[in-house]
Structure formats: C-alpha cells, structure tokens
Amino acid sequence: MEEKVNAQEKRGRKWYWLLVLLPVLLILAGAAVWAAGTFFGLSRLPVPNNVSAENVGLHELRISWDSSPKIQQYQVILSTEEFTREKLIENGWQDGPYDVSIVENAAEITIHSLLPDTDYYIAVAACREGKEKITCSDPSETVKIHTSSLEVGRVADLTAEEVTDRQIKLKWTDWTTSEKNQDHTDIDITYTLLCTALPTENSTEADRTIIQEALREPAYIITDAAPFTRYAYTVVANALIDGKAVSGESSEVLEVLTKPEAVAGLDARADGTSSLAVTWKPYELNPGTEAVVTYSLYGSDQEDAEFTLLEENMTDTAYTETGLTGNQTRYYYVVAHILLEGEKYAGMACQPVSATTNPPVTAPPSPPAPPHPPETVHRPAAPLKANTLRPERSHSKSLPVSPGTAISKKYPRPPAPLLDTVQTPPIPPMVQTMRRPMASLSRGNIPAREQRARWVWYWSAWVIPGSTPMKINGRING
C-alpha cells in the first residue's frame, strides 16, 4: 500500500515540475530566438507585397508597395538586366550589378534619369538596421516595366517655295520637343528627305528613295531635277535621344511639277531700217508626251527695264517687229507654254538677246559751187600830156642819134594807170614779140625808117599797162 502511494507521489512531482518548468523553457527559447535575430540576423522580416511600377515621364518611374508599420526602411532593387527572386536570394544584391535605392518611412519612390524605351526589372526588400549591419528580408517578386519612348511627331506644312526647270526649293515646319536627354542636354533632331514613286496612292516604303539624310534645317534645295517632270516628296523627323535613334511618321506627300526649260537658239537680226527679225528653235517635248506648245515673245528698249508682251499663243518660231527707227536697239526673250491635259504650264524665260536696226539712208551732200571770178573793171586811161611822154634829161652823156635829137640812157617811169582788178591782164603776144632788144640808138648807121619804127615800139611799151622797160647790160631794152 505504501509502495503505491510513493509511486503516485513521484508521478505527481514530475508533472508538477514539468508544468512549472515548461513556461520557463518557452520563455528561454523565445529569448534565445530574439537574441539570435538581434545579434546574428537570423530573424525573418516580412516580404513586401503588391509591388508595382508606372511611367511618369520619359526618364522617370514611380514604384510602390504595401508597407508595414514595423518596417522603417526598404531597399528598391533596379536593373536593366533580368533577374529573379531566387537569384537575388542566392547571390544577394548588395554587390551585384544592381541599382539599390533606400527608402525611409515610405511605401513609394520615384526614380529619375532612366533610359527611355528600355526594359527595367524591379524588386523590393524590407530591411532593419542593426548595431553592426542591416538585416533585410527576402526580396519581393520581380516586376518588369518598359520605360516610355519619345514620340516623334509628323512633319507638317511641306511646301515647294520655288520651282524652276531644274531646281526645287522645299520647306517645312520645324519639329521641336521639350524633352531632354538623360544628362539634361537637348535632343538632336534631324530630317530625312525622300522621293516617292508615282502614283503616290500605290507607292510603298520600298518605292521611296532617300534624297538627303541628317538635315538639320527644315529646308532643302534640289538642283538635279529634270525639266517638265513630276516628283513626289516626303519628310521624316528623326530624334537621337540618349544614343538611341527614334523616327517619326512621314509627312504628307507633296507632288511637284518642274517647269519646262527655256527656249534655245534665240536670235535677233536687223531687217532693214525700221524692223527686226527674231527667230528661235522649236521646243522639244519629252518622248511620249502629247501636248501643244505655244510661245510668247517679250520686248524692251533696255535690258534691265520691264519687258512688254509683243505676241502670245504663237506656234511659229519667228517674228518680225516693225515700226522702228534707224539705229534703234531692242531686247527680246521668249517663253514656251505647254498645254497638257487641259492645263497650261509656262516655261522658263530664256536669256535676252538684242539687235539694232540699220542706220537710215541719207543723200550724199552736194559739192560746193565754184567761186565766181571777180569782175574786172577797166578804167579808161587818162589822156597823156605831151610833157609826160618826153623823157627827162639826165646828167648822163647824150648820144646823138640824128641831127638835133639827143636821148638819155635813163628815162623816168611814167605813172601806172589805176586799175580796179587784182590781176593785170597779160600783154598780147604780138606786143611781146615786138619788144625785142633795141639796138643802140647812138649808132648813126641805122636807117631813119627803121629808127622810127623802133621809136614806135619803145613808146608803145610805156603806153601798154603793166610793161616796164628794163636795163640790160647798161642799155634800155623793151
């Protein structure tokens, strides 16, 4: 009996101590776990849930999650390289190729300076800062998001400002954006000019030919176009953002028809004193073009003055301008017009040419009339007095000619008659013949008859005007 009682007492004491020591053991175990988590980081923090991300800009992301009031710090793991939760748990994330952002007392964060049009992988872990190190929970499930891309707009207002036979000047509205690169620099914007095959409604991307790339100005001049040819152009805007090229949508198609080229072989020549003839070569159409060609001729008196229309709708290649004056210069140029499918297209004006009419014809001047000879007026000679015909006596020795007569070797000249003429008429030949040298009058062997004749000849030389006796060898000669 006593042995039963002792056995029951022993079992009762065991249960007593078991009941007493069990709470103590539980308290000690909890304290050990808490100590291990505090000093050795073995405690497990709650994993953040409902992690999400959204684009708030070209370079920004907003990331949020469910927070816990007991957690004061979170770490946001971000990378362009793909990762999983298991990979992070196995390899960690503090030393890997990840961008880690620490968030204090918040359940969201906005991350800036991201690359646009790029895939990012995101995870969040709850952390607690200890005395020696930071303890974090396992990362959340990985979230993948694609950042926003730059939307390049469509080029507008593509127009042809100036069109000639071989040149087309294109212009469009400049496309701009307020977005920046990751380093806050301006985005580089260029343009690509393309030529689209005709007809444009049936053309495709493969039919486009690049005319010029990397254009920085919203304008371009095409200098190698063909005359009277139809083209179709489009422009595309390109943006280089953070090293990545982004292209916009093509502009609306612009169709341009170049002008016909200038008329060749223009020539102008004189056609008399009052008209000019203008000619040129016929305009040659492209092969297979069925059109009507007419011409308009313009003229001006000066090359730099305004030209006036002389004739239009001409089918001939020649024109004559009349009603001009002698030595008049005129300038001309011709414009070809092509009538195609009910529309009239004016060509380029050719270089002006000039021509001058012939000088006017004038009669040669008549020769001057010969001068009239002066009229000779003869005055009648004054009657001679007897004493004027008598020679004065001189102191020279007299030579007897005949008894009772003596003549000196010197005789004074009688006064010459007055004449109104400049020139004295010549002496008749008969008188000149008679004025031969007279023989000496002092000789006595001269017959009286011959001596009288000589006296007549001698005195006739004095009477005839203009005759003068001459002394030859000391003698008097007629």
- prompt: Who pairs with Cys350 by disulfide bond (SG atoms under 2.5 Å apart), at least two apart in sequence or on another chain?
  reply: none
- prompt: Can you name the ring-ring contact (aromatic ring centres under 6.0 Å, His included) partners of Tyr298, sequence neighbours left out?
  reply: Tyr333
- prompt: How would you list, by chain and number, every residue that makes a salt bridge (charged side-chain N to carboxylate O under 4.0 Å, His left out) with Glu161, sequence neighbours excluded?
  reply: Lys169, Lys171
query: How close do Ser137 and Pro48 get, heavy atom to heavy atom, and via which atoms?
result: OG-CD, 4.0 Å
- line: Those residues at least two apart in sequence (or on a different chain) that pass salt bridge (charged side-chain N to carboxylate O under 4.0 Å, His left out) with Glu141 are Arg85
For Tyr98, ring-ring contact (aromatic ring centres under 6.0 Å, His included) partners two or more places apart: Phe83
Donor-acceptor list for residues 238-249 side chains, cut-off 3.5 Å, not counting sequence neighbours:
unit_1: Asn238; atom_1: OD1; unit_2: Ser247; atom_2: OG; d: 2.8
unit_1: Asn238; atom_1: ND2; unit_2: Thr192; atom_2: OG1; d: 2.8
unit_1: Asp242; atom_1: OD1; unit_2: Gln182; atom_2: N; d: 2.6
unit_1: Asp242; atom_1: OD2; unit_2: Gln182; atom_2: N; d: 3.4
unit_1: Lys244; atom_1: NZ; unit_2: Asp117; atom_2: O; d: 2.9

Neighbour count >12 (heavy atoms, 6.0 Å) for atom CD, Glu54: yes
query: Can you name the closest pair of heavy atoms from Ala270 and Thr357 and give their distance?
result: CB-CA, 4.0 Å
Tyr345/Phe228 aromatic ring centres below 6.0 Å: yes
task: Check whether any side-chain heavy atom of Glu108 sits under 4.5 Å from a side-chain heavy atom of Arg62, and report yes or no.
output: yes
query: Which distance, rounded to the nearest 0.5 Å, do you find between the CG of Asp66 and the CD1 of Ile71?
result: 13.0 Å
Whether over 12 other heavy atoms sit under 6.0 Å from Gln167 CD: yes
task: Taking the side chain as every heavy atom from C-beta outward, state whether Thr273 and Pro359 have any atom pair closer than 4.5 Å.
output: no
task: Would you please test Thr325 and Gln328 for side chain to side chain donor-acceptor pair (under 3.5 Å) and show each step?
output: CA-CA 6 Å; Thr325 59; Gln328 183 178 355; 3.2 Å; yes
message: With side chain to side chain donor-acceptor pair (under 3.5 Å) as the criterion, how do Thr234 and Ser251 come out once you've worked through the C-alpha distance, each side chain's angles and the decisive distance to 0.1 Å?
response: CA-CA 5 Å; Thr234 57; Ser251 66; 5.3 Å; no
Set of salt bridge (charged side-chain N to carboxylate O under 4.0 Å, His left out) partners for Arg230, sequence neighbours left out: none
query: Closest approach of Ala237 and Trp175, non-hydrogen atoms and distance?
result: CB-CB, 4.5 Å
task: Could you walk me through whether Glu321 and Leu310 pass the side-chain contact (heavy atoms from CB on, under 4.5 Å) test, one step at a time?
output: CA-CA 8 Å; Glu321 184 179 13; Leu310 300 180; 4.0 Å; yes
query: If you look at every heavy atom in Ile109 and Ser101, which pair is closest and at what distance?
result: CD1-CB, 3.7 Å
Please list, one pair per line, the donor and acceptor atoms closer than 3.5 Å that link side chains of residues 216-227 to other protein atoms, with sequence neighbours excluded.
unit_1: Arg216; atom_1: NH1; unit_2: Asp188; atom_2: OD1; d: 2.5
unit_1: Arg216; atom_1: NH1; unit_2: Asp188; atom_2: OD2; d: 3.4
unit_1: Arg216; atom_1: NH2; unit_2: Asp188; atom_2: OD2; d: 3.3

task: With rounding to the nearest 0.5 Å, note down the distance linking CD in Glu252 to CG in Asp157.
output: 9.0 Å
message: Nearest 0.5 angstrom please: Tyr231 OH to Thr209 OG1, how far?
response: 11.5 Å
field: Distance, nearest 0.5 Å, that separates CD1 of Ile145 from OG1 of Thr118
entry: 12.0 Å
query: Is the shortest heavy-atom distance from the side chain of Thr185 to the side chain of Lys180 under 4.5 Å?
result: no
query: Does a side-chain heavy-atom distance below 4.5 Å link Ser296 with Leu309?
result: yes
query: What is the minimum heavy-atom distance between Ser79 and Glu81, and which atoms define it?
result: OG-N, 3.0 Å
- prompt: Are Arg166 and Glu261 close enough for a salt bridge, meaning some N to O gap below 4.0 Å?
  reply: yes
Sequence-distant partners of Tyr295, ring-ring contact (aromatic ring centres under 6.0 Å, His included), two or more places apart: Trp280
message: If you apply the rule side-chain contact (heavy atoms from CB on, under 4.5 Å), what do you find for Leu78 with Tyr121, and how did you get there?
response: CA-CA 6 Å; Leu78 184 70; Tyr121 298 88; over 6 Å; no
query: Hey, does the side chain of Ser300 reach the backbone of Glu303 with a donor-acceptor pair shorter than 3.5 angstrom?
result: no
task: Take Met348 and Thr164, measure what side-chain contact (heavy atoms from CB on, under 4.5 Å) needs, and give me the verdict at the end.
output: CA-CA 7 Å; Met348 298 295 297; Thr164 64; 3.9 Å; yes
- prompt: How about Tyr74 and Cys136: do any of their side-chain heavy atoms sit closer than 4.5 Å?
  reply: no
- prompt: Would Thr329 and Thr356 count as a side chain to side chain donor-acceptor pair (under 3.5 Å) if you check the C-alpha gap in whole Å, the side-chain angles of each, and the deciding distance to 0.1 Å?
  reply: CA-CA 4 Å; Thr329 301; Thr356 304; 2.8 Å; yes
- request: Might you confirm whether atom NZ of Lys344 has over 12 heavy atoms from other residues, nucleotides or ligands at distances under 6.0 Å?
  value: yes
query: Taking everything shown except Gln351 itself, do over 12 heavy atoms lie less than 6.0 Å from its CD?
result: no
For Val103 against Trp65, the heavy-atom pair lying closest together: CG2-CH2, 3.9 Å
- request: Going by the side-chain contact (heavy atoms from CB on, under 4.5 Å) test, name the single residue among Thr279, Thr317, Leu266 that passes it with Val334.
  value: Leu266
- prompt: Any ion pair linking Asp271 and Arg269 (charged N to carboxylate O, less than 4.0 Å)?
  reply: no
message: Quick one, Ile187 and Glu179 - any side-chain contact, counting heavy atoms below 4.5 Å?
response: yes
- request: Take Leu285 and Val293 through the side-chain contact (heavy atoms from CB on, under 4.5 Å) test and state the conclusion after the steps.
  value: CA-CA 9 Å; Leu285 295 171; Val293 181; 3.9 Å; yes
- prompt: Looking at CG of Asn50 and OG of Ser64, how far apart are the two atoms once the value is rounded to the nearest 0.5 Å?
  reply: 9.0 Å
From CG (Leu257) to CD (Glu255), nearest 0.5 Å: 10.0 Å
message: Please list all pairs meeting ring pair (Phe, Tyr, Trp, His ring centres under 6.0 Å) that have one or both residues in residues 101-120, counting only residues at least two apart or in different chains.
response: none
message: Quick one, Thr294 and Met314 - any side-chain contact, counting heavy atoms below 4.5 Å?
response: no
Contact check, side chains of Tyr332 and Ser354, non-hydrogen atoms, under 4.5 Å: no
message: The criterion is ring-ring contact (aromatic ring centres under 6.0 Å, His included); which residues satisfy it with Trp172, sequence neighbours excluded?
response: Tyr191
field: All pairs passing ring pair (Phe, Tyr, Trp, His ring centres under 6.0 Å) where residues 130-163 contributes a residue, at least two apart
entry: none
